[in-house]
Amino acid sequence: MPDYDFKKIEKKWAERWLKDKIYEPDLSKAKKPFYNLMMFPYPSAEGLHVGNMYAFVGADIYGRKKRMEGNDVFEPIGLDGFGIHSENYAIKISKHPKEQAKVSEKNFYRQLQMIGDGFAWDEKLETYDPEYYKWTQWIFVQMFKKGLAVRRKANVNWCPKCLTVLADEQVLAGECERCGTEVIKKELEQWFFKITDYAERLLNDLDKIDWSEQVKTAQKNWIGRSEGASIKFPILKSDFNIEVFTTRPDTLYGATYMILSPEHELVQKLENRTQNLEEVKKYIKEAKNKTLEERIAEGKDKTGVELKGIKAINLANKEEIPIWIADYVLAGYGTGAIMAVPAHDQRDFEFAKKCGLPIKMVVCPHYPEKTCPVLDSAYVGEGHLVDSGKFNGLSSEEAKKKITEFVGGETKVQYHLRDWLISRQRYWGPPIPMIYCEKCSWQPVSEEDLPVLLPDTKDFRPTGTDKSPLATVEEFAKTKCPRCGGEARRETDVSDTFLDSAWYFFRYIDHKNKKKPFDKLRARKWLPVDMYTGGAEHAVLHLLYTRFLTKVFHDWGLIDFAEPFKKFRAHGLLIKDGAKMSKSKGNVVNPDEWIERLGADVLRMHLMFIGPYEQGGDWRDESIAGIDRFLNRVWNLGQKIKKEDGGSVSETTLHQSIKKIGEDIERLHYNTAISQLMILLNSLEKGPGKESFKTFLKLLAPFAPFLAEELWRETGEKESVHKSKWPEYEESKTKESVKTVVVQINGKVRDRFEASSGASDEGIEKEALGLQKIKDGLAGKKPKKIIVVRGRLVNIVL
RNA sequence: GCCGAGGUGGCGGAACCGGCAGACGCACUAGCUUCAGGAGCUAGCGAUCGCAAGAUCAUGGGAGUUCGAAUCUCCCCCUCGGCACCA
């Protein structure tokens, strides 16, 4: 336990800061706005765990420095309280989600108060507040009106445990993002947001923003742009064509068969001509029953069935080639059909080997030598064309365009990104504000009728059908058509939680606005967000959706920028004993306990001292003692300085510290900033002086805001240390006047001496050669070369 | 398989625009202090050899560039994270 009364101090300042509103910028008049945003938490379990604290403290330190540098820092907080995570927890403890939300809210805000972040509490918001979700619904209505929200039938992801559909982004390696259950496919009619319309911009604009490389790459991969060609293969004796997308049109002469995915529409259309229809139907049935995981697990053991009696024509060489159905071709990508080039695609190669299909090499790596290797795997590299009619000898790169033109194909760009499935068959979310009328089809709820309130029902549990629990609330579902006034029914699904969180940072800046989601002038002042901090696990979820909505808002004229966050940094993962913290492993660290025992300042600094913020680290109970000792020494020094003031600290150490700590905070290297604070304290203890101690307190303030404030006021200051001016350093004073010069012979240290930093190269060299140990080392030999690095070393090469 | 981040003492980590490897802290050891301590202070603390001065080795492994490499280049291995039958 610290020597000082941290409980009293922390409580006192938390209340005082709130009263004095020191963290509340004037949102309409601020002169130097700086929006320091951190991902708001979702209240899913008993409370915040230490990983959340880690995230919030790191983000806050950055904001505190910006505030001391004279910025009007806005650091809002709220709760992402709607959604499956909160609802699942409520169900688990048998409580109504609405009731549980009240409990969680209180607990979460209590914890968030404790950690000493400079939150702007006046602007807090919760996504389940009707004042908030009114605008979430408003966004949905606009999306519909602009044609960006569409209802369509699709083969969608369904989580059998959460009993709802999921967006592609919420399926991780075939499993539900929330509960880890294997996801299955269902053919359902659902609402989608057309994020694919923005694929190109979402990809290109990544180059314009300062984000972690990790996250940018994840988004690039997810959007998955590939350039290629769209080529048609006519089906013999019919009007049908098989359209395929390929990135390798240069290998067209090597296409020896076609494959349709089991879900492909042509399969049905060709039924009456299929000679082995029974066999085909059986295969399709089996394929559809397989989960994604099973398909992947089968790996190289590819299966398929030929559509007997039907042939396609390869327009390049006019050859008739067979058509197969195989589940290694995915319905959801490209056209759901491929031209198979076994010689130059590994998957096609494996399939051809297994089914005895011809493998024809058309790109040769050794051209012009005719020594095409015998393949034991596909050759996927570049080369020159062979066996390709008039294109023989062309490089594969040149051939791509020419062959595409030759067969009447088109160059095409294909994306992996798919539309955002927005419907959820659950209770705890904003009802989708749409109404279905037999006569007028789908109509949006009139804007003046928003919000569509989530009804209080006892039957909030998921139904397990493809309908939300709201469908059972007749008085909710039954309504009038906003267009014709006739009998109509409401959409009873709610929207995805990720829609709630895709725009919350817009609402923070104007959260009391009754007329609009937010004011355009305020947005111009505060947005885009200057610094955003959060977990990297949202790389292709939240962070992609926010970018999408921002672009949409831009196109609607609500804002005049197209990227939400100028700078984004992902903090690392905090683990314990080398493993992710989890209740089942029993290695969860409870932050409340540590705050109780040692105080928030100690917890904050310990978390930040573990390792570089962006890298995360391994929590160890025992090493928190180091920070506890450190802050006690700070306290004791403060008491000492109250009585006696006279000593002075090394000016060089002081200026070096100001420089290093400032730069380290900027780089988010809080661990090394803290070690520099320790070095400065060591020095201060030897020569305590009030003025340098006050500088130290300013440098300490972002890390240990309570203690720094207490000691700052004890020096007689009337204003908060957090409103004081961040110290400046003089570059010249960071340099030592005398430096140790190392003298090496052949790169090995033999001696060292002190030299003034102004000494000339010649002088240093002379002094080095004059040293007795060096004379001994040289033993009369003549140096070949002497290297002098000023202020560092002399290397004598023999 | 592809992409990203890493690999340094007993531990967390520092140095990485090439220049004394191990800052700062934890743990540990010894001493002082204390009625006592999960307290404080002082000193030591990579390995090997040595009484010592000192010497040699050492930043995942191997090559290379250089007077000089944890840092730059190439190859390989391992760990973590993301994506993945994407045509």
Side-chain angles (χ1 to χ4, degrees), chain A residues 1 3 172-174 212-222 224-226 228 244-248 251 259 261 292 295-302 326-330 332-341 344-348 350-351 380 414-418 536-537 539-540 570 572-573 575 578 580 606 609-612 614-630 632-633 636 669 671-679 681-682 740-749 751-752 783-798:
Chain A
M1 260 241 271
D3 293 347
L172 310 176
S212 325
E213 210 45 50
Q214 181 195 10
V215 171
K216 279 199 197 184
T217 315
Q219 293 212 356
K220 263 178 210 159
N221 290 346
W222 188 258
R225 181 181 199 271
S226 46
V244 303
F245 171 74
T246 177
T247 55
R248 294 295 301 272
T251 64
I259 299 183
S261 63
L292 187 69
R295 277 197 186 188
I296 293 167
E298 278 170 10
K300 292 179 175 176
D301 194 23
K302 296 181 172 53
D327 63 7
Y328 80 88
V329 173
L330 306 174
Y333 186 74
T335 60
I338 63 158
M339 64 178 210
V341 185
H344 305 292
D345 181 283
Q346 187 58 24
R347 294 151 300 178
D348 298 343
E350 284 156 15
F351 189 75
V380 296
Q414 184 70 44
Y415 294 95
H416 165 232
L417 183 71
R418 276 170 252 175
E537 69 273 19
V540 292
L573 192 67
I575 58 173
K580 229 177 182 164
H606 176 57
F609 192 53
I610 289 172
E614 287 179 270
Q615 232 172 74
D618 201 340
W619 167 282
R620 268 163 218 279
D621 289 354
E622 62 272 19
S623 56
I624 199 168
I627 295 293
D628 185 24
R629 282 198 270 264
F630 168 74
N632 273 327
R633 281 165 56 201
N636 292 335
H669 285 206
N671 56 331
T672 48
I674 291 171
S675 76
Q676 189 63 40
L677 282 168
M678 291 170 170
I679 291 167
L681 178 69
N682 288 343
T740 304
V741 176
V742 167
V743 186
Q744 301 177 326
I745 296 177
N746 283 341
K748 301 217 151 110
V749 181
D751 204 0
R752 61 200 68 202
K784 254 191 232 155
K785 197 169 167 187
I786 299 178
I787 290 135
V788 179
V789 183
R790 208 171 296 183
R792 283 191 189 276
L793 61 73
V794 178
N795 190 14
I796 302 161
V797 186
L798 291 181

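Here is how names work: the chains are called A, B, and so on, in the same order as the sequence lines, proteins then strands, and each is numbered from 1.
Each of B:rC67, B:rC26, B:rG12 was ranked by its minimum atom distance to the side chain of A:E622; first place goes to B:rC26. In this structure, of B:rC83, B:rG12, B:rA23, it is B:rG12 that holds the atom nearest to the side chain of A:I610. For A:T217, whose side chain is taken as the heavy atoms from C-beta onward, the closest listed nucleotide among B:rG4, B:rA14, B:rC85 is B:rG4.
Using Watson-Crick or G-U wobble geometry with both donor-acceptor distances under 3.5 Å, B:rA69 finds no partner in any strand shown. Shown here, B:rU34 forms no base pair; nothing in the strands shown gives a Watson-Crick or G-U wobble contact with both key distances under 3.5 Å. When both distances must be under 3.5 Å, the Watson-Crick or G-U wobble mate of B:rC2 is B:rG82. Pairing for B:rA58 is absent, judged as Watson-Crick or G-U wobble with the two contacts each under 3.5 Å.
If you check distances only, the side chain of A:K302 does reach the base of B:rC85 with a donor-acceptor pair under 3.5 Å. Between the side chain of A:N795 and the base of B:rC67, a donor-acceptor pair under 3.5 Å is found.
Between B:rU65 and B:rC75, the two C1' atoms lie 15 Å apart (nearest whole Å). Comparing the same atom, C1', in B:rG62 and in B:rU56 gives a spacing of 22 Å after rounding to whole Å. Taking atom P on both B:rC49 and B:rU34, the two are 40 Å apart, rounded to the nearest angstrom. B:rC72 and B:rC2: their C1' atoms are spaced 26 Å apart (whole Å). Atom C1' of B:rG12 sits at a distance of 15 Å from the matching atom of B:rC28, rounded to the whole Å. Nucleotides B:rU79 and B:rU29 have their C1' atoms positioned 33 Å apart, rounded to a whole Å. The C1' atoms of B:rG19 and B:rU71 are separated by 11 Å, rounded to the nearest whole Å.
Glycosidic conformation, B:rG9: syn, with the torsion inside 90° of 0.
Along RNA chain B, the nucleotide nearest to A:A218 and the one nearest to A:D345 differ in position, and the one closer to the 5' end is contacted by A:A218. Map A:G332 and A:I787 each onto its nearest nucleotide of RNA chain B; the residue landing nearer the 5' end is A:I787.
Distances shorter than 4.0 Å separate some side-chain N or O of A:S226 from OP1 or OP2 on B:rA87. The phosphate of B:rG10 (OP1 or OP2) has no side-chain N or O of A:R620 nearer than 4.0 angstrom. Contact check, A:R629 against B:rC26: a side-chain N or O comes under 4.0 Å of OP1 or OP2.
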